[in-house]
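Structure record follows, encoded as structure tokens.
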Amino acid sequence: MAAKARTRPKAVVESTGGEPADTLRDYYERMSLVRAFELRSSEMYARAKIGGYCHLNLGEEATVVGLMAAIEARDYLFTGYRDHGYALLRGLAPERVMAELFGKVTGVSGGRGGSMHLFDEETRLFGGYGIVGGQIPPATGAALALKFQEAAGPDAAAVMCLLGDGTTNIGAFHESLNLAGLWKLPIVYVIVNNGLGMGTTVEKASAEPDLYKRGASYRMPGIRVDGDDVLAVRDAARDALKQARESRQPVLLEVMCYRLRGHSVVDPARYRSSEDTTIAQQSDPVPSFRAELIASGVLSEADAAAIDDAADARVSEAVVFADGSPEPDVADLFKYVYATPVANAPAALPGEPVMDAL
Amino acid sequence: MTETVNTSRTITYRQALNETLRAELERDEKVFLVGEEIGVFEGSYKITAGLLEDFGPERVLDAPIAEEGFVGAALGAAMLGMRPVVEIMTINFSLIAIDQIVNHAAKMRSMFAGQVSIPLVIRMPGGGGQQLAATHSQNLEVWYAHIPGLKVVAPSTPADAKALLTAAIRDDDPVIFLENLSLYSAKGEVPDGEQVAEIGKAAVVKTGTDLTIVSYSRGTTTALEVAHQLEGEGLSIEVVDLRSLRPLDRDTICASVRKTGHAVVFEDDWLSYGIGAEISATIGEGAFDFLDAPVRRVAAAEVPLPYAKALEKAALPSAADLARVVREVLNISSNDK
Amino acid sequence: MPDVIMPRLSDTMEEGELSRWMKQVGDEIHKGDVLAEIETDKATMDLEAFDNGILEQLLVSAGALVPIGAPVARIGDGSNIVEESAAPAAPAASAAPAATTVPVADAAAEPTAAVSAPATPAVVAPASATPAAPASTGELRTSPLARKIGREHGIDLHTIAGTGPQGRITRTDVDAAIVAQEAAASASAPAAPAAAPAAAPAPAAGSTDSVSVPVSRIRAVTARRLTESQAVPHFFLTSVVNVERLVAFRADVNKSLETLGSKVSLNDLFVRASAVALRAHPEVNASWGDGVILRHQHVNVGVAVATDDGLLVPVVADADQKSLAAIATETRALAGLARTGGLSLAQMSGGTFTISNLGMFGIDSFTAVLNPPEAGILAIGAASDVPAVRDGVLVSVPMVKITLTVDHRVLDGAVAAAFLRDLTTLLEEPLRIVL
């Protein structure tokens, strides 16, 4: 029953190398933080501190770090529901992200969104979205707004819209790319292709499994990059964003990576072949980047261990914070339903009479 | 003379659905299944477990994430006489396909003067309460119950899941088959052999004389729980399980209320314009002279459902809410929590 | 200017029927003008204006039943005259009982029911599970089911106190009223329902050989009060009174009063005798007051009077302080008012003891039902000649059987017996009555 192991498509952009040691060390610290956070999220889900759906970035750390290294503070980020790592590296305190997963009032979305719906207006993280493809049209619209609001140029803002491989089959993807191509919008659509839409392989879901080619229908450049290569991802994304912000040329960037575990924390992924699982584990970017940095002398074993410990400690602080934070007040249940106060807005709890029987 | 032995087994709602799909796939080669993750993944909620293996990828079709596309494609196949059974992962995602369901499946037979029928079943679970947050926790059944041309059924027990799904698959019209996340593991007695329910009929699942609770799907199980609890307090509660939201069995509802004089609707959807609004209006027309108190509705708070447990719990209608309102309608004070 | 509201006109009133408008829209109104007649649960009362101005609008039609406090008309400066009442007219059903009230067959059918105001303000109003409806709406608050059952059983919902939320009349309340009605019906078994005119509008509930007769408000209140009184633990004491001297005394008195054009009835003598006995037995001139016994300062004797609409009990206040002639004159006047619906609330309030006399109907003896909250009621039968041996000679002696019904919560047998013995002695030695 299990899907056939995928052969890894060859990346067309390779890492350039020659990076300063501090940058590499910084990237490793970030990857380590995402890894520690996701492992702890899995644990906290098992401990029933986290509820609902919970999708992890495990195995995608190099992609997360690379993309977030490329995006500028002025840019807008839209993502799907596998969003924890992006929020962390967008600069949100782990405390606030973990508190959101715990459903606490101190969470980034006040405990109302949970794992799939992280949002931070200040850092222009414009949302994780739970509905497959739901983020693509709004991200396109954000790019449209930027076109209204400012001139193209090196200092202009752009939009990065993340989506999964399975999402490229939904109508909203095609409609949005067509609009962006037609209207020349400053947006980069990033397909984080981890090879599996839930349990369905790209080959079984997409008639054109080379997803970056799908941009061709909309005269949009399509680029594929190795998602396990943090520098390659960063550079490809920077280049794409440059085209978007300076030339108003939308770009489709496909980042190839692996999902280390199931679709969500509750998916044992029994449909995966042992071969596929083995490849995923061998490609795990965190230990391989770590080994690379040690081998090249950027880090000592002790440095790397210290970084890992620090990441773990940072996440522990986040858990303590989240655990100690208060639940949202039921009295605030209706607080955010409408921006403009409106007459007769419903505010009855279940079973409360809607009318006095005068 | 052959002897008929009536046997039954206690199985889960999930198992009842799985066995029924299997039986119908075996019975009629025009039946096929299509949906996201129903094959290799065996269904997001494991309703289709084992079916790909036994019936093959031609009759158990894994679809990409493309609800509008595969729902519309199933509809097209139905136009040529196939009997597709579509699984939409949750009712929330059906909104992406709603144009095909509302503007096409529901319209074709009438619009084309009966020249074509749409023997299509769309299965999908609704329901909140699992901290799935606002977009994944909705009860949108009233959207479909509102549409002429559709039939909408909502079984509350494994036995009804079997009998109504069988009826839906054999029905020549588009049937929205509403499941509920919290019912999948519920167990119940299910008769063996072929069971075909009559769509459009409600059932009195518990008789009583003091008050009628009208509900459906998951709500019926809560209603029964509350009815039995109140029985211990000397209250005789009747429970009407709608089973079919469209068409609506108004006679059964009104007959019950004419007997009890009191009615409470327990619904998972939002209150305004919800299922309970239709039930209340029906009772107003059909049992007005028999009402001893206003009809009350216990429904969800009208807010996009928050993720946080405390908020979610407050927003969703509970057994305690229902019991409280029943007592209020019967003008009984209570020491209850 | 404030609306004219339905006033509270009696202690047990919850709503009143606006039976007749006495002023028209556009009329100039002065304080104290009678705007309308109101029929309460007790009597027909005047609705007086509290403001000067022009009657601008009638908010309810004649026949409407209106809760206390609800607006019935609007008086203003005349700038907002509304000719046609757009306001909720009385529901047809509400108007019906007043318009089609069927006379109760015969006073003889009424042993002794009594409708009178309770003796003192200390009396507690009929208990209700929930507070009565706030008097802010003009509508009767009732469930559709209660209305339906009420229709089917000929129950006037306006006579029922609702115990549902916000005072809503529900099935429970109507069911209780039906039980009360049946109890009252069986208490007045001799009544001949066949005497009911065919005009009765309410359909018979079930069987075709009975006719539903809508009841008057007096009848309905009587039914309720009598039903309440059945819950009171009570006992009866009967005494046989030799009225030979009483009859002779009455003849003497009437002869002396002849020139004054007044007359004393045997009943007047009973009232006076009872009052004197009550003065001597203050423990009997009492009532049960929710945990305490209320002994009343005044001796106010009610006299049951049969009227076309039901029993009324006008009260002779301070009967122990009044002369026989005064009692006779007052009782006659009160009875006349009772029969014409002209009794005021005051004339029916404050009774401490009641006398019911069916002697004129030839009834030998009977027991009367207590008139709550009074502790006693005296039932008086007809005088009949009884053979007696006096000085070795067989003679005929006129005897009257009087029966005292006693609230056992207030009085025990010995105390009540002492009162009845003294009363008997008074009646047999009538000069003591006027001493």
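Letters go in sequence order (proteins before strands), and every chain restarts at 1.
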Pick from [options]: which one has the most heavy-atom pairs with chain B under 4.5 Å?
{"options": "T167(A), V354(A), I131(A), D332(A)", "result": "I131(A)"}
{"options": "L349(A), T200(A), V337(A), T168(A)", "result": "T200(A)"}
{"options": "A205(A), G114(A), S115(A)", "result": "G114(A)"}
{"options": "G171(A), G113(A), A347(A)", "result": "G113(A)"}

Heavy atoms of P350(A) and A301(B) approach each other most closely as CG-N, 4.1 Å
Next on the checklist: Tell me the closest heavy-atom pair linking A314(B) and V330(A), and the distance in Å.
Outcome noted: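 Minimum heavy-atom separation between A314(B) and V330(A): CB-CG1, 3.5 Å.
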**Prompt:** How about L311(B) and R112(A): do any of their side-chain heavy atoms sit closer than 4.5 Å?
**Reply:** yes
Open item on the list: When you compare the side chain of M89(B) with that of M198(A), does any pair of heavy atoms fall below 4.5 Å?
Closed with: yes
Among the options [options], pick out the one with the most heavy-atom pairs lying under 4.5 Å from chain A.
{"options": "V303(B), V298(B), L132(B)", "value": "L132(B)"}
{"options": "S137(B), P304(B), A299(B)", "value": "A299(B)"}
{"options": "N92(B), L305(B), L316(B)", "value": "L316(B)"}
{"options": "Q131(B), E68(B), E36(B), R297(B)", "value": "Q131(B)"}
{"options": "A133(B), A308(B), A300(B), S272(B)", "value": "A308(B)"}

The interface call for F102(A) against chain B, heavy-atom contacts under 4.5 Å, is backbone
Under 4.5 Å to a heavy atom of chain A? For L271(B) that would be side chain
Separation of [Y] [atom2] from [X] [atom1] (nearest 0.5 Å):
{"X": "K309(B)", "Y": "I50(A)", "atom1": "NZ", "atom2": "CD1", "answer": "14.5 Å"}
{"X": "E302(B)", "Y": "L333(A)", "atom1": "CD", "atom2": "CG", "answer": "11.0 Å"}
{"X": "R296(B)", "Y": "E352(A)", "atom1": "CZ", "atom2": "CD", "answer": "9.0 Å"}
{"X": "M116(A)", "Y": "T135(B)", "atom1": "CE", "atom2": "OG1", "answer": "5.0 Å"}

Could you tell me whether the side chain of Y53(A) and the main chain of H136(B) form a donor-acceptor pair under 3.5 Å?
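No; zero donor-acceptor contacts below 3.5 Å.
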**Request:** Measure from the side-chain N and O atoms of Y307(B) to the backbone N and O of G51(A), and report whether any donor-acceptor pair falls under 3.5 Å.
**Result:** yes
Does E67(B) form a side-chain contact (heavy atoms from CB on, under 4.5 Å) with V132(A)? I'd like the steps, not just the answer. CA-CA 10 Å; E67(B) 286 88 359; V132(A) 169; 5.9 Å; no
Parallel, tilted or perpendicular: rings of F41(B) and Y271(A) (30°, 60°):
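If you compare the ring of Y271(A) with that of F41(B), the planes turn out tilted.
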Exercise. Quick check: are there more than 12 heavy atoms from other residues, nucleotides or ligands sitting under 6.0 Å from CZ of R261(A)?
Worked result: no
